Structures are given as structure tokens and as C-alpha cells.
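One structure is given below, encoded as C-alpha cells.
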Number of protein chains: 2
Amino acid sequence: MLIAIDERDTRPIYQQIVSQVKEQIQRGELQQGDELLPVRELADSLGINLHTVRNAYLKLRDQGVINLRLGRRARVARPRRIPATATEADMALGGQLRELAADAFLLGLSADELHALLDRHLAHGSPPESDSKEKK
Amino acid sequence: MLIAIDERDTRPIYQQIVSQVKEQIQRGELQQGDELLPVRELADSLGINLHTVRNAYLKLRDQGVINLRLGRRARVARPRRIPATATEADMALGGQLRELAADAFLLGLSADELHALLDRHLAHGSPPESDSKEKK
DNA sequence: CATATTGTTATATAATGCTTATAACACTTT
DNA sequence: AAAGTGTTATAAGCATTATATAACAATATG
């Protein structure tokens, strides 16, 4: 399943799980119908409580990302693919877009630079990977 | 000052203030050297506690967005404009970029569509406004 | 200089959110 | 029937967020 908790990440654990599951779907590592790890199993493997994992799964269900049914394993839901007009999509991502735009601006990034940066994550979902230092 | 608390926003109040100040700077409504509202004044106008506003100002100071000096009003700091290499910028925005990319993907947005959406917020910071039948 | 303004520090308290801990229950699969 | 899995329930601990007061320190104002 390849989920890891990052201590340096200030977000709550369940949020990190939510994000990572979404990213795995984006990268194609998880596809429609695929089974997620059982809550107890994932919880044990991460050394956390069952309910923390379950909370993450509940959030994913509420966002339509996975399906939950009693007795059966959690499965990746059918893509919603709501055609979303521009303004509809903006409703869903509005907060993130505004925050990203403001933060990027304060970093002195141009629109092109930000686009390029974003493309890196859109392609396959894999980040830069570079560890701390990097050659220029 | 034009700051408003959104009850539907799940983020803490101080975070909303942080975001809105940043967005005002991005839009040019606040510029280098401009004074922010005094903590007590903003707190009163929002009907919240002094320390909640102060907490927001502290976070903004920690991010280099504003300067705080005893006895003087908070002022918008000189732009940091750290030239930031691509990977440096990614370090700062990495989490936001990954999350946005994944969420956009799950919404079925193409790279172009996401770029266009992002541009709306980059231009002036003002959201939608122009709605119509968009091409998909 | 005197006073008001403003950021800062210090306590204390309450409310909420996150995580853990146990246990039992309900549905599905084997 | 048994095992696996999601679900519900209850409780507790801890961190974060927000509130409430009060006093202090540096700056601005008159």
C-alpha cells in the first residue's frame, strides 16, 4: 500500500492518509475497483489506531473517492468525472487555488514558473525527489 | 481591511486571517510598508479575541510576510523575493501542489483546464466572475 | 512630559479536534 | 461455523484553538 506518516508534516495523520490515497489513484497505482488495505491492517502497519485509519477512509468516502460496504473491503470508487464547468471546478478547488496563488506570489514566482512546478505533479504525481541539497 | 470569517470554512480563524492577508497583498490591496489593523481593532471588528488575531499576525511574521515591532503597528514586510530554484520553490509549495494535482485529477480536470483555473487567481486574485458556457 | 496607542507577556479556562484504547456488533467471504 | 472486515459505542488523554483578564513595554501623539 505504501503509505507512510511524515512526522514533519503538520497535518493530522488521517489527512496524510487521505492525501496519499488520492495521489496513488492519480499515479495509477490504485485504480477503480482496487481494494484498499483493511483498516486494522493499515493501522497496525503504521503503528496507529484503527479509528485514525477509519477516519481517513470516511473522509475519502465523503469525497466520493472510495466505496465502503459492511463486511467488504474498501474499494476505489468509479471516477466521478463530473464534467465540471470552470466555475464549478473552482467551487471545489477554490480555497486551494487562492492559497496557492497567494503563496506563490509571495515567493516571487511567475505564472509560468508556477505552471511548470504544477506540471511536475500533474504528469505522474511524483515530486522532484531531490533530497535536501541539489546541484544547480 | 476587509477581512471576514467564514463559518463554513473548517480552518481555524487565525488561519483564515493569514490567508486573507496574503491574498490582499497579492491583489495589491496591501503593499510593502502598509499598516495592518491593530490587533485589538481587528479583533473587535470581527467579534473575536485579541489573541486569535495576534496568533495570525505571529504566523505571518514567521513566514516573513509582515513585520512586528513593539509599540508600532504591524506592517507589510519587504518582499522576500528569494529567487528560489525550482526545487526550492517546490519545497515550500510541495504539499499544496501535490494535493491540488491529485484533487484536480480526481475531478477529471485536464492540465490545461487546471492551468486556466489557476490563472484566474494569479492575475489579480479575484475568483470567477465571468461565468458562461465554457468549452471543455 | 503626559497620555494614548499598540504590540507583548502571563495566567487561566473552555471548547474542539485528533488519537488512542477496548469491546462488541453486523455483514460478507471462506 | 469461522474468519475477515466494516461499523458502532464508550471512554480517556492530549494538543490545538479560542476566550477572558490583566499587566507590561515600546512607540506615537499632543
Side-chain angles (χ1 to χ4, degrees), chain A residues 1 3-21 30 32-78 95 99, chain B residues 1 3-22 30 33-78 95 99:
Chain A
M1 192 69 161
I3 284 187
I5 298 174
D6 183 356
E7 303 294 345
R8 301 164 307 176
D9 196 327
T10 60
R11 292 176 305 168
I13 296 174
Y14 81 90
Q15 263 293 354
Q16 294 188 37
I17 296 174
V18 166
S19 293
Q20 290 184 40
V21 168
L30 278 179
Q32 173 182 181
D34 283 354
E35 293 176 347
L36 277 68
L37 285 187
V39 286
R40 290 174 183 79
E41 201 169 324
L42 180 54
D44 287 350
S45 80
L46 294 177
I48 63 178
N49 191 271
L50 173 162
H51 290 101
T52 301
V53 173
R54 172 156 164 78
N55 193 5
Y57 282 17
L58 284 178
K59 293 292 188 298
L60 286 168
R61 183 201 58 183
D62 292 345
Q63 296 177 29
V65 178
I66 66 175
N67 292 323
L68 294 177
R69 285 170 54 189
L70 221 179
R72 305 197 57 176
R73 294 193 178 177
R75 297 175 105 91
V76 176
R78 171 162 41 81
E99 201 146 343
Chain B
M1 193 65 162
I3 284 188
I5 298 174
D6 183 356
E7 303 294 345
R8 301 164 306 176
D9 195 328
T10 60
R11 293 176 305 168
I13 297 175
Y14 82 89
Q15 264 293 356
Q16 295 187 37
I17 296 175
V18 166
S19 294
Q20 291 185 39
V21 169
K22 286 182 182 176
L30 279 179
D34 283 354
E35 292 176 347
L36 276 69
L37 285 187
V39 285
R40 290 174 183 79
E41 202 169 324
L42 180 54
D44 287 350
S45 80
L46 295 177
I48 63 178
N49 191 272
L50 172 162
H51 291 100
T52 301
V53 174
R54 172 157 164 77
N55 194 5
Y57 282 16
L58 284 179
K59 293 293 189 296
L60 286 167
R61 183 200 59 182
D62 292 346
Q63 295 176 30
V65 178
I66 66 176
N67 292 323
L68 294 177
R69 285 170 55 189
L70 221 178
R72 305 197 56 177
R73 293 192 177 179
R75 288 172 174 281
V76 177
R78 171 163 39 83
E99 203 146 340

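No experiment lies behind these values; they were computed from the predicted model shown. Every chain is numbered from 1, with letters handed out A, B, ... down the list of sequences.
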How long is the line joining [atom1] of [X] and [atom2] of [N], in whole Å?
| X | N | atom1 | atom2 | value |
| --- | --- | --- | --- | --- |
| B:I5 | D:dA18 | CD1 | C1' | 11 Å |
| A:R11 | C:dG17 | CZ | P | 19 Å |
| A:Q15 | C:dG17 | CD | C1' | 12 Å |
| A:E35 | C:dT29 | CD | C1' | 11 Å |
| A:L46 | C:dT19 | CG | P | 12 Å |
| A:L37 | D:dG4 | CG | C1' | 14 Å |
| A:R73 | D:dT7 | CZ | P | 14 Å |
| A:N55 | D:dT7 | CG | P | 12 Å |

I'd like to know whether A:I17 forms a side chain to side chain contact (heavy atoms under 4.5 Å, CB included) with A:I48, so could you lay out the CA-CA distance, the side-chain angles of the two residues, the decisive distance to 0.1 Å, and finally the verdict. CA-CA 12 Å; A:I17 296 174; A:I48 63 178; 4.2 Å; yes
Would you call B:V18 and B:K22 a side-chain contact if the rule is heavy atoms closer than 4.5 Å?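 They are in contact (side-chain heavy atoms under 4.5 Å apart), so the answer is yes.
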Would a distance-only check, ignoring hydrogens and angles, find a side-chain to backbone donor-acceptor pair under 3.5 Å from A:Q16 to A:D6?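 Checking the backbone N and O of A:D6 against the side chain of A:Q16, a donor-acceptor pair under 3.5 Å is found.
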Do A:R61 side-chain atoms and A:I66 backbone N/O form a donor-acceptor pair below 3.5 Å?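 Flag not set: sc A:R61 to bb A:I66 has no pair under 3.5 Å.
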So, does [X] get its side chain near the phosphate of [N], meaning an N or O under 4.0 Å from OP1 or OP2?
| X | N | answer |
| --- | --- | --- |
| B:R72 | C:dT6 | no |
| A:Y57 | D:dG6 | no |
| A:R40 | D:dT5 | no |
| A:T52 | C:dC18 | no |

Other residues, nucleotides and ligands only: do more than 12 of their heavy atoms fall within 6.0 Å of CZ on B:R69?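 Incorrect, the count does not exceed 12.
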Determine the minimum heavy-atom distance between B:E35 and B:L30, stating which atoms define it.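 Heavy-atom minimum between the residues: O-CD2, 4.4 Å.
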Which atom of B:P38 lies closest to which atom of B:R73, heavy atoms considered: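 The pair with the smallest heavy-atom distance is CG-NE, 3.8 Å.
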Would you list the protein and nucleotides 8-12 of chain D atom pairs, both N or O, that sit under 3.5 Å from each other?
| from | atom 1 | to | atom 2 | distance (Å) |
| --- | --- | --- | --- | --- |
| D:dT8 | OP2 | A:R54 | NH2 | 3.2 |
| D:dT8 | O4 | A:H51 | NE2 | 3.3 |
| D:dA9 | N6 | A:H51 | NE2 | 2.6 |

What's the spacing between B:D62 CG and B:L68 CG if we round to 0.5 Å?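 Answer rounded to 0.5 Å: 9.0 Å.
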Which parts of residues 58-71 of chain B get close to DNA chain C, meaning a heavy atom less than 4.0 angstrom away?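 Close to the strand are B:L68, B:R69, B:L70, B:G71.
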Please walk me through it: do B:Y57 and B:L37 pass side chain to side chain contact (heavy atoms under 4.5 Å, CB included)? CA-CA 10 Å; B:Y57 282 16; B:L37 285 187; 4.3 Å; yes
B:I48 side-chain proximity, nearest of D:dT19, D:dT17, D:dT5: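 Closest nucleotide to the B:I48 side chain: D:dT19.
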